Amino acid sequence: MNNRQVADILYDIADMLEIKGEIIYKSIAYRRAADNILNLGRDINDVWRDGKLREIPGVGEALAKKLDELLRTGRLGYYEGLREEIPPGVVAMLAIPDVGPKTANLLYERLGLMSVADVGRAGREGKLRDLPGLGVKSEANILAGIEALHRRTDRIPLGTAWPVAREILGALRAGCSALQQATVAGSLRRMKATIRDIDLLVASDEPEAVMDCFVNLPLVEEVALRGSTKTSVILHNGLQVDLRVLEPARYGSLLQYFTGSKDHNVALRELSLDQGLSLSEYGFKRDGEEILRSDEESVYNTLGLPWIPPELRENRGEIEAARRGKLPKLIELSDIKGDLHVHTSWSDGVASIAEIAEAARARGYQYAVMSDHTQSLGVARGLTPERLWEQRAEINRLNEQFANFRLLQGAEVEIKADGSLDLPDEVLSELDVVVASIHSGLRQERERITSRLISAMRNPHVDVIGHPRGRILGQREASAVDMDRVLAVALETGTILEVNAIPDRLDLDDAHIRRAVGMGVRLAVDSDAHNAEGLAAMEYGVATARRGWAEAENVVNTLSLNELLELVRNK
DNA sequence: GCCGTTTTCGGCCCGACTGTTTTCAGTCG
């Protein structure tokens, strides 16, 4: 049972307790523990084996006992008992917009409804409107909510959401004179790997004018909600965009509040209360008197904290670090001096080596490693040693033209199902940088796939492990890799672990990056580009590294060309 | 159910919006 599965059970319990009408803090406690298990960056089974469940924040005596039962036996009596009381279909009703725990319970207890489909049927028969607290409008909203649920878009990748947000901001700035400032907020500003909706903020003294402007943008399909400070719309592509408007004097508080995360904000408000302040999106209050903040930095300063970068705002220790002046100096995109993982038309890329070189130079890089696939990856037209030498000749030719830039030759060598590499050592030793990756047998059980990675890392010619966990967001779960062992061997052998920047990979993820950083394991942020534009994905990789508290010194492609070559030669 | 340089018990964040209400409950973020 992996972290995700354990967390999902805790989330499920939290929902059931809420439907039952238990005190809300119990549900909050379960959800907080589940969040922390997801953010652990290590396997919950290992934590359990080490007898350290209680060290997970939010896990106390009662939860540790339940987790022990769950991990030991694969079952949890308490959970099964709850599921007898509250059918899973009733929990599923919570996904319907406007249906929360109270309403779900009402539908179950009063009408005996057991599923979303049941609710839809009862709604169409007009049976919901007579329930206490509901009426004709609520009934219609619930039916519309079920419709929306069926065509709902799942969480979308960061790399999809960013361009859309930029487009809307551009349209607002161009077409809306009442607007004074505008920015992205929410999980998108925190650069989470996936986001559910786009949050935008505007400072303006004329909110109504801004709202008019917003709902009339051509991208907008329908207006879901319209108020004086908040408006939500659905775009033609199904994405929801929320816009909030406040006057400029409150903009700092607004931005801080709607950047979140929710947990970060809760912790910040607790800290505020300790200092006799009450904090909301409108500003601070002391004894009922308002204290307005127009910029975000001064919101944090008011609490005696330095400004905290949005990528850190997950309540994973950033507030404590800020208090003690121990915030990391996060890596920036401008620190990146090269890319260690780029494909060309020699394998499955579409750009020539010359085109890649031009794009890399335009980004101000000192170097880029051509790391095409190797022979056994047939679908990607992987390179044989002979083809590699032909490619080397072209790289050498091109390098003669460059003054302050160098193309390096590498390869993304296959780690085969038995753990051996796809090219012999004498070939690997000729390459400048070797990335080794798994593209097959991703579902092997834990011991086997972990051993594969470890034997690759122990090869002295292997410099980097590409996309170590093999996840594809929304499509494929990460492999069962034992990351504790992989991190330990990476440290021991000096092997670099990749932060792959392709938006639906972002692998390693933020939690594992944080562990690697804490241990001193070296990282490389790579675009894994398959065309010239693909180099720009670096932005998402750097953002993910920042979410993992990485500084420039943790990432090898912030090194100069000579420093990098020195490093890989001495592996 | 968790947690503690104020606490081992009594706290545990804040407000908008909506629909159903005669002053508020539920949902959402």
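Just so we're clear, the structure is a prediction, and the values are computed from it rather than from any experiment. So that the names make sense, note that chain A is the first sequence line, chain B the second, and so on, each numbered from 1.
Among the nucleotides dG29(B), dG19(B), dG1(B), the one closest to any side-chain atom of Arg244(A) is dG29(B). Taking every side-chain heavy atom of Ser228(A) into account, dC17(B) is the closest of dG19(B), dC17(B), dG15(B). Candidate nucleotides dC2(B), dA16(B), dC12(B) were compared by shortest atom distance to the side chain of Tyr282(A), and dA16(B) ranks first. Residue Lys26(A) places its side chain closer to dG1(B) than to any other of dC14(B), dG1(B), dT18(B). Picking from dC17(B), dG1(B), dC13(B) the nucleotide with the shortest atom distance to the side chain of Arg269(A) gives dC13(B). Distance from the side chain of Lys285(A) is smallest to dG15(B) among dT20(B), dT18(B), dG15(B). Between dT18(B), dC14(B), dT20(B), one nucleotide has an atom nearer to the side chain of Lys137(A) than all others, and that is dT20(B).
Using a 4.0 Å heavy-atom distance criterion, Ser272(A) is classed as making no nucleic acid contact. Among the heavy atoms of the strands, none lies under 4.0 Å from Ile13(A). Among the atoms of the strands shown, base atoms are found under 4.0 Å from some heavy atom of Lys262(A). Residue Leu273(A) is in sugar-phosphate contact alone, with no base atom involved, counting any heavy-atom pair closer than 4.0 Å across all strands shown. Using a 4.0 Å heavy-atom distance criterion, Tyr257(A) is classed as a base contact. In this structure, Ser278(A) reaches the sugar-phosphate backbone alone: every heavy-atom distance under 4.0 Å involves primed, P, OP1 or OP2 atoms, never a base. Using a 4.0 Å heavy-atom cutoff across all strands shown, Asn141(A) reaches sugar-phosphate atoms only and no base atom. Using a 4.0 Å heavy-atom distance criterion, Ile23(A) is classed as a base contact. Among the protein residues, Ile24(A) comes within range of no part of the nucleic acid, since none of its heavy atoms lies under 4.0 Å from any strand. Residue Lys65(A) is classed as having no contact, given no heavy-atom separation below 4.0 Å to the nucleic acid.
Taking the P atoms as reference points, dG15(B) lies 27 Å from dT5(B), given to the whole Å. Between dT23(B) and dT18(B), the distance separating the two C1' atoms is 15 Å to the nearest Å. Comparing dC13(B) with dG4(B), their P atoms sit 15 Å apart, to the nearest whole Å. Spacing of P atoms, dT21(B) relative to dG26(B), comes out at 13 Å, to the nearest Å. Using P as the reference atom, dC28(B) and dT20(B) are 15 Å apart when rounded to the nearest Å. Comparing the same atom, P, in dT7(B) and in dG11(B) gives a spacing of 14 Å after rounding to whole Å. As rounded to the nearest Å, dA16(B) and dC12(B) have C1' atoms that lie 22 Å from one another. Nucleotides dC2(B) and dT6(B) are separated by 23 Å at their P atoms, to the nearest Å.
Around CD of Glu80(A), the count of heavy atoms belonging to other residues, nucleotides or ligands within 6.0 Å exceeds 12. At most 12 heavy atoms of other shown residues, nucleotides or ligands fall within 6.0 angstrom of atom CZ in Arg110(A).
Using N1 to N3 plus N6-O4 or O6-N4 for Watson-Crick, or N1-O2 and O6-N3 for G-U wobble, each under 3.5 Å, dT8(B) pairs with nothing.
In this structure, Asn3(A) contributes its side chain and Ile37(A) its backbone to a donor-acceptor pair below 3.5 Å.
Remark: Arg226(A) engages Asp212(A) in a salt bridge, criterion side-chain N to carboxylate O under 4.0 Å.
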Steps toward side chain to side chain contact (heavy atoms under 4.5 Å, CB included) verdict (Met483(A), Arg515(A)): CA-CA 10 Å; Met483(A) 284 304 295; Arg515(A) 287 210 67 217; 5.6 Å; no
From CA spacing to verdict: side-chain hydrogen bond (donor to acceptor under 3.5 Å, both in side chains), Ser298(A), Asp295(A): CA-CA 6 Å; Ser298(A) 66; Asp295(A) 70 289; 3.0 Å; yes
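We find that CG of Asp274(A) is positioned 13 Å from C1' of dC3(B), with the value rounded to whole Å. If you take CG of Asp263(A) and P of dC2(B), they are 16 Å apart, rounded to a whole angstrom. Taking atom NZ of Lys102(A) as the reference point, atom C1' of dT27(B) lies 11 Å away to the nearest angstrom. In this entry the distance linking CD of Glu61(A) with P of dC2(B) reads 8 Å, nearest Å. The CG atom of Asn36(A) sits 17 Å away from the P atom of dG1(B) (whole-angstrom rounding). Here dG26(B) presents its P atom at 11 Å from CD of Glu18(A), a figure rounded to the nearest Å. Atom CZ in Arg226(A) sits about 22 Å away from atom P in dC28(B), given to the nearest Å. Atom CG of Asp197(A) is separated from atom P of dG29(B) by 7 Å (rounded to the nearest Å).
Projected onto DNA chain B by closest heavy-atom contact, Leu279(A) and Phe258(A) fall at different nucleotides, the more 5' of which corresponds to Leu279(A). Comparing Thr229(A) and Pro132(A) along DNA chain B, the residue whose closest nucleotide (by nearest heavy atom) sits nearer the 5' end is Thr229(A).
In this structure, Tyr25(A) does not reach the dG1(B) phosphate: none of its side-chain N or O atoms is under 4.0 Å from OP1 or OP2. Residue Thr103(A) has a polar side-chain atom (N or O) positioned under 4.0 Å from OP1 or OP2 of dT27(B).
Ring geometry for Tyr300(A) versus His264(A): interplanar angle of 30 to 60°, hence tilted.
Figure legend: Arg166(A) and Trp162(A) shown as a cation-pi pair, the cationic atom lying under 6.0 angstrom from the six-membered ring centre and within 45 degrees of its axis.
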